[in-house]
Amino acid sequence: MKTDFDITLDEWICVCISRQVIDGEVLAQGINTPLVMAGFILAKLTHAPRIRFASAIGQSVCDDWGPLGVGRIEEVWLSKGLFHAGFATATAELLPKYNPKEFFRPAQIDAAGNTNNIAFGRDYQRPRMRLPGTGGIPDVTPYSDHIYLYVPRHSPVTFVERVDFISGLGHRADRQRGSGPRYLVSDLGQFDWDQGQMRLISYHPHTTIEQIQRKTGFPLLIASDIHATPAPTPDEIRLLREVIDPLDVRKLETLSGSARKDLLRSILEREHAL
Amino acid sequence: MTHWIDLKSSADCIQDGMTIAIGGMTLYRRPVAWTQALLRRASRPRDLTLLAFTAGYECDLLVGAGVIRTIRSCYFGLEAFGLAPMFTHKAAHGELRILEETETSLVLGLRAAISGVPFMPSQAWIGTDLPRLRPDVQTVTDPYTGQTLTAFPAIPVDVAVIHALAADSAGNVLINTNLGIDPELVYAADRVIVTVERVVEKLEKSVDGLLIPGAGVDMIAIAPNGAAPTSCYPDYPLRGSILLDYIEACNRGDFEKYLIDFLDEPR
């Protein structure tokens with residue numbers, strides 16, 4: 001399809017996340033996951049006006065939202081919260097009650113949807129690279145049946161034959177409860193799981209099935225009705241760029257190196273938080 | 001009884017081997033001035049256990065300065081700014097003992113400590129590698145259904161340090177609504193140190209904040225601007241350039257120089 005605007009990688013991800021949202025549900029807004037925040041707000045402004053947010057910042061439930069930020073994002077969630085539970089109550093009571101849909105960002109994932117956010121390298125005492133940690137992923141993945149995932153930069157570093165540590169529990173026959181991840185979106189395509197194996201269901205038009213397979217460290221199942229991901233509408237793109245995220249915070253997840261550093265500095269400057 | 005105390009004296013009560021809990025969240029309302037006071041001590045404490053639900057800039061300074069032996073946190077990083085450089089470096093070189101924690105293990109561990117029971121049962125971790133990484137965490141069998149549950153052990157806390165907006169003359173303290181686990185730290189810790197932006201005659205109830213009764217606060221020290229460069233909403237936002245400069249200094253291998261400058265900074 002010919003469009004008169006260039007859709008960027010971050011926008012493919014945001015729009016796919018938005019389309020996974022069902023009106024009326026509660027969605028968990030994590031910390032430093034702007035692609036997810038933008039996608040959820042896009043859903044609220046298009047097909048899902050009655051969704052609510054459970055925000056990690058401020059540990060609240062919010063009906064309202066504000067534009068994305070870095071240095072001022074705390075202000076959004078503290079001013080919109082209906083009440084503020086604190087993280088202990090949020091973890092032990094709020095999450096079990098509302099069972100919010102959340103998109104986690106794995107550092108590694110295998111074909112069964114087991115994920116790792118602990119470290120790269122199997123030697124726990126001296127890993128190749130220590131990662132920040134797992135938050136609540138090992139807590140909810142053993143019982144949840146609606147785990148969703150996103151990967152901003154699809155590569156064989158993330159999609160691996162075997163994860164170094166299992167911090168998120170995938171599709172396993174011996175699990176007591178829950179189901180393993182339902183859905184994954186990357187900058188290349190959308191995936192689900194078929195009998196416990198990751199399956200490509202759509203490819204973004206800027207790539208091909210072969211390219212996606214080459215960038216995935218295990219054989220992918222291919223859905224029988226595989227198709228190009230439906231393009232974002234002009235209205236979705238306008239909302240993302242002008243209303244939800246005029247500062248381009250979402251792009252911090254897809255950029256790297258000096259381009260990312262420059263963007264971060266410019267966002268903070270415009271927020272008066274440098 | 002609340003003791004009004006200067007920042008330096010509040011840091012002097014930390015002894016070798018203690019578990020200290022740092023209040024606030026990632027880059028929000030962290031007790032940075034107190035961290036500075038602790039590291040300014042002529043004789044720095046050793047082998048501390050650092051407990052922080054989420055650990056950020058001030059925790060990375062403590063790790064870099066070498067006073068921390070053990071980490072208990074479910075996230076150690078600087079959010080959009082990137083990895084926490086000294087934690088990342090030392091963890092990869094085997095120089096830290098990491099007790100792998102998650103939201104649930106920290107919350108239920110603190111709740112067990114508060115309630116005076118040895119553990120709290122949970123569905124968390126089952127099937128993941130977390131039990132292998134934490135062999136001290138055992139499972140129990142539910143006596144009613146036979147289901148296997150994780151038994152998160154109580155987490156003892158010697159000292160909690162929390163930064164607040166204000167204290168009043170009765171020793172009551174006001175924090176903003178980005179609570180983190182600060183209320184639980186007040187319940188769980190043997191001693192609670194609060195640093196405050198300012199002192200007022202009497203604090204009023206507020207929908208934008210939480211009052212912590214003076215009965216749970218052991219020491220109050222005045223520390224204006226005490227959370228910077230992390231935020232103290234609504235007084236000030238985070239100071240991004242300081243966080244960026246810190247990361248760059250560490251990446252150049254200049255942590256020691258950064259620390260000297262940090263300790264020299266007036267507040």
Got a second to check how far Glu103(B)'s CD is from Thr91(A)'s OG1, nearest 0.5 Å? 4.5 Å

Shortest non-hydrogen contact from Ala91(B) to Pro127(A)? O-CD, 3.4 Å

Does Arg162(A) have more than 12 heavy atoms from other residues, nucleotides or ligands lying within 6.0 Å of its CZ? no

Best-contacting candidate, Glu269(A), Arg260(A), Glu271(A), against chain B by heavy atom pairs under 4.5 angstrom: Arg260(A)

Closest contact, heavy atoms only, Leu169(A) versus Thr128(B): CB-CG2, 4.1 Å

side-chain contact (heavy atoms from CB on, under 4.5 Å) between Ile73(A) and Tyr28(B): does it pass, once the steps are laid out? CA-CA 11 Å; Ile73(A) 190 66; Tyr28(B) 315 114; 3.8 Å; yes

Taking all non-hydrogen atoms of both residues, which atom of Arg132(B) and which atom of Asp164(A) are closest, and how far apart? NH2-O, 4.4 Å

Out of Leu78(B), Leu110(B), Thr148(B), Thr150(B), which one racks up the most heavy-atom pairs below 4.5 Å with chain A? Thr148(B)

Engaged part of Tyr124(A) at the chain B interface, taking heavy atoms whose separation is under 4.5 Å: side chain

Is it the side chain or the backbone of Arg126(A) that comes within 4.5 Å of chain B heavy atoms, both, or neither? both

Region of Leu131(A) in contact with chain B, defined by heavy-atom distances below 4.5 Å: backbone

Within 6.0 Å of CZ in Arg270(A), more than 12 heavy atoms from elsewhere: yes

Please answer whether the main-chain N or O of Thr104(B) pairs with a side-chain N or O of Asp139(A) as donor and acceptor at a distance below 3.5 Å. yes

Within 6.0 Å of NZ in Lys80(A), more than 12 heavy atoms from elsewhere: yes

Between Arg111(B), His93(B), Met25(B), which has the largest tally of heavy atom pairs under 4.5 Å with chain A? Arg111(B)

Segment of Phe76(B) engaging chain A (4.5 angstrom heavy-atom cut-off): both

Is Ala90(A) in contact with chain B via its backbone, its side chain, both, or neither, using a 4.5 Å heavy-atom distance? neither

Atom of Leu268(A), atom of Gly240(B) and distance for their closest heavy-atom approach: CD1-CA, 3.9 Å

More than 12 heavy atoms of other residues, nucleotides or ligands under 6.0 Å from CZ of Arg239(B): is that the case? no

What part of Leu274(A) is in contact with chain B, defined as an atom under 4.5 angstrom from a non-hydrogen atom: side chain, backbone, both or neither? both

Looking only at heavy atoms and a cut-off of under 4.5 Å, which of Thr177(B), Leu243(B), Leu27(B), Leu130(B) has the most pairs with chain A? Thr177(B)

Options Asn114(A), Asn117(A), Ile118(A), Leu252(A), ranked by heavy-atom pairs under 4.5 Å with chain B, top entry: Ile118(A)

Counting only N and O atoms by type, is there a donor-acceptor contact under 3.5 Å from the side chain of Glu75(A) to the main-chain atoms of Tyr233(B)? no

Starting at OG1 of Thr26(B), measure out to CD1 of Ile57(A) and round the result to the nearest 0.5 Å. 6.5 Å

Which of Thr134(A), Thr33(A), Ile267(A) touches chain B most, by non-hydrogen pairs under 4.5 Å: Thr134(A)

Pick from Arg265(A), Arg175(A), Gln176(A): which one has the most heavy-atom pairs with chain B under 4.5 Å? Gln176(A)

Taking Ser231(B), Cys74(B), Pro183(B), Gly77(B) one by one, which has the highest count of heavy-atom pairs under 4.5 Å against chain A? Cys74(B)

Contact part of Ser167(A) toward chain B, heavy-atom cut-off under 4.5 Å: side chain, backbone, both or neither? both

Would you find more than 12 non-hydrogen atoms of other residues, nucleotides or ligands less than 6.0 Å from Tyr187(B) atom OH? no

Counting only heavy atoms not in Gln195(A), do more than 12 sit closer than 6.0 Å to its CD atom? no

Side chains of Val70(A) and Phe81(B) in contact at under 4.5 Å (non-hydrogen atoms): yes

Which bit of Ile137(A) comes within less than 4.5 Å of chain B, counting heavy atoms only: side chain, backbone, both or neither? neither

Note: vs chain B, highest number of non-hydrogen pairs under 4.5 angstrom among Gly135(A), Ser55(A), Gly133(A) is Gly135(A)

Which distance, rounded to the nearest 0.5 Å, do you find between the CD1 of Ile166(A) and the CG of Leu133(B)? 10.5 Å

How many angstroms lie between CG in Leu106(B) and CZ in Phe87(A), if you round to the nearest 0.5 Å? 10.5 Å

What's the verdict on side-chain contact (heavy atoms from CB on, under 4.5 Å) for Met129(A) and Leu83(B), showing C-alpha distance, side-chain angles and the deciding distance? CA-CA 11 Å; Met129(A) 185 183 183; Leu83(B) 300 169; 3.2 Å; yes

Can you tell me which portion of Ala85(A) sits under 4.5 Å from chain B's heavy atoms? Options are side chain, backbone, both or neither. backbone

Quick one: does Arg172(A)'s side chain have a donor or acceptor within less than 3.5 Å of a partner on Gly127(B)'s backbone? yes

Which heavy atom of Leu179(B) sits nearest a heavy atom of His84(A), and at what distance? CD1-O, 3.8 Å

Which pair of heavy atoms, one from Pro138(A) and one from Thr102(B), lies closest together, and at what distance? CG-CG2, 3.5 Å

How far does CG of Leu78(A) sit from CG of Asn178(B), to the nearest 0.5 angstrom? 5.0 Å

Output the option from Ile98(B), Asn176(B), Leu210(B), Thr88(B) having the highest count of non-hydrogen pairs under 4.5 Å with chain A. Ile98(B)

Can you say whether Leu244(B) sits under 4.5 Å from chain A via the side chain, the backbone, both, or neither, judging by heavy atoms? side chain

Heavy-atom pairs under 4.5 Å with chain B, option from Leu264(A), Thr141(A), Val249(A) with the top count: Leu264(A)

Could you tell me which portion of Thr89(A) (side chain, backbone, both or neither) has an atom closer than 4.5 angstrom to a non-hydrogen atom of chain B? both

Applying salt bridge (charged side-chain N to carboxylate O under 4.0 Å, His left out) to Glu100(B) and Arg130(A), what does each step give before you reach the verdict? CA-CA 12 Å; Glu100(B) 201 68 37; Arg130(A) 171 71 210 192; 2.9 Å; yes

Pro142(A) backbone acceptor or donor facing Gln123(B) side chain under 3.5 Å: no

